[in-house]
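Beneath this line is the structure, given in structure tokens, with notes to follow.
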Amino acid sequence: MENKKARIAVLVSGGGTNLQAIIDAEKSGILHSGTVALVISNVRSAYALQRAADAGIPGMWISKKAEGGQEGFERKLASVLEEQQIDLIVLAGFLAILSPAFTARYDHRILNIHPSLIPSFCGEGFYGLKVHEAALAKGVKVTGATVHFVNEIPDGGEIIFQKAVEILDGDTPEILQRRVMEQAEWKLLPAAAEKISAQIVAARS
Ligand code: GRF
């Protein structure tokens, strides 16, 4: 029997360039052991939802407020993931907190992309441009991106892939963010989605 692909849910909060990289990787065949079955945003206006719609992928917004807070949000999220038979969760620019109870339920089934070489510039409060501002302030000559499993420690899970990116004279946080996205994030996340999807499919047979 042809092994069914792993069903992937991508969780987003913003522009969705990492989601787009995964969508493009599925189109080009780089991602072939898994398929993006659902995109979930905690932000109603996230452009990532438009990218899902443009790609014909079901998308939805889950409002923490409407669900009555963190617990309700995670209950709704878990029920949607269950209903959609999701095998792998990919956090792509997802900025909401997931509780230890939630991450324990999906042990080694949640991936995250962080825009630095963990353990540098990571953990509480390090997200988005703040990560690149800290790298520039420290004066490091090399930064990069890390894909890791998500556990109860912010950016603390087992590292899957890393890729180094050079910092150049005159870099602003915005210029550096773009280079890290182009040269590292958009390559590592699809590759990690494929690697873990293939492991999930192989474990079934
Ligand atoms: C970016 O800072 C990226 O480094 C991080 O999340 C932010 C938004 O990414 N992973 P995206 O464009 O929404 O994928």
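All ligand and atom numbering here is 1-based and tracks the order in the structure.
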- [ ] Using side chain to side chain contact (heavy atoms under 4.5 Å, CB included) as the criterion, point out the one residue from Val147, Asp155, Ile160 that pairs with Asn112.
- [x] Asp155
TODO: Determine, using heavy atoms of Ile113 and all atoms of ligand 1, whether some pair is separated by less than 4.0 Å.
DONE: yes
Task: Among Leu176, Val180, Val142, the one residue meeting side chain to side chain contact (heavy atoms under 4.5 Å, CB included) with Ile167 - done: Leu176
TODO: Say whether His32 and Glu194, considering side chains only, have a donor N or O and an acceptor N or O under 3.5 Å apart.
DONE: yes
Task: Interfacing atoms of ligand 1 (cut-off 4.0 Å, heavy-atom, Met181) - done: 1 (C), 3 (C), 9 (O), 12 (O)
- [ ] Starting from atom 13 (O) of ligand 1, find the nearest protein heavy-atom neighbour and note its residue, name and distance.
- [x] Gly16 N, 2.9 Å
Task: Per-atom contacts, ligand 1 versus Gly128 - under 4.0 Å to a heavy atom - done: 2 (O)
Open item on the list: For the residue pair Asn42 / Ser13, report whether a side-chain donor-acceptor contact shorter than 3.5 Å exists.
Closed with: yes
Task: Pair Gln162, Thr146: side-chain N/O donor-acceptor within cut-off below 3.5 Å - done: yes
Task: Nearest neighbour in protein (non-hydrogen) for atom 2 (O) of ligand 1 - done: Gln177 NE2, 2.9 Å
Task: Part of His114 within contact of ligand 1 (heavy atoms, under 4.0 Å) - done: neither
Task: Close-contact set for ligand 1 against Pro115 heavy atoms, below 4.0 Å - done: 4 (O)
- [ ] Can you pull out the closest protein heavy atom to atom 6 (O) of ligand 1? Residue, atom name and distance to 0.1 Å, please.
- [x] Gly93 CA, 3.3 Å
Task: Protein contact of atom 12 (O) of ligand 1 - nearest heavy atom, named by residue and atom, plus distance - done: Thr17 OG1, 2.6 Å
- [ ] Using atom types as modelled and distance alone, determine if a side-chain donor or acceptor of Asp171 lies under 3.5 Å from a backbone N or O of Leu168.
- [x] yes
Open item on the list: Tell me the protein heavy atom at minimum distance from atom 9 (O) of ligand 1, and give that distance in Å.
Closed with: Asn18 ND2, 3.6 Å
TODO: Tell me which protein heavy atom sits closest to atom 3 (C) of ligand 1, plus the residue, atom name and distance to 0.1 Å.
DONE: Glu185 OE1, 3.1 Å
Task: Short side-chain to backbone donor-acceptor contact, Thr35 and Arg7, under 3.5 Å - done: no
Open item on the list: Under a 3.5 Å distance rule, please check whether Arg51 uses its side chain to pair with a backbone N or O of Leu19 as donor and acceptor.
Closed with: no
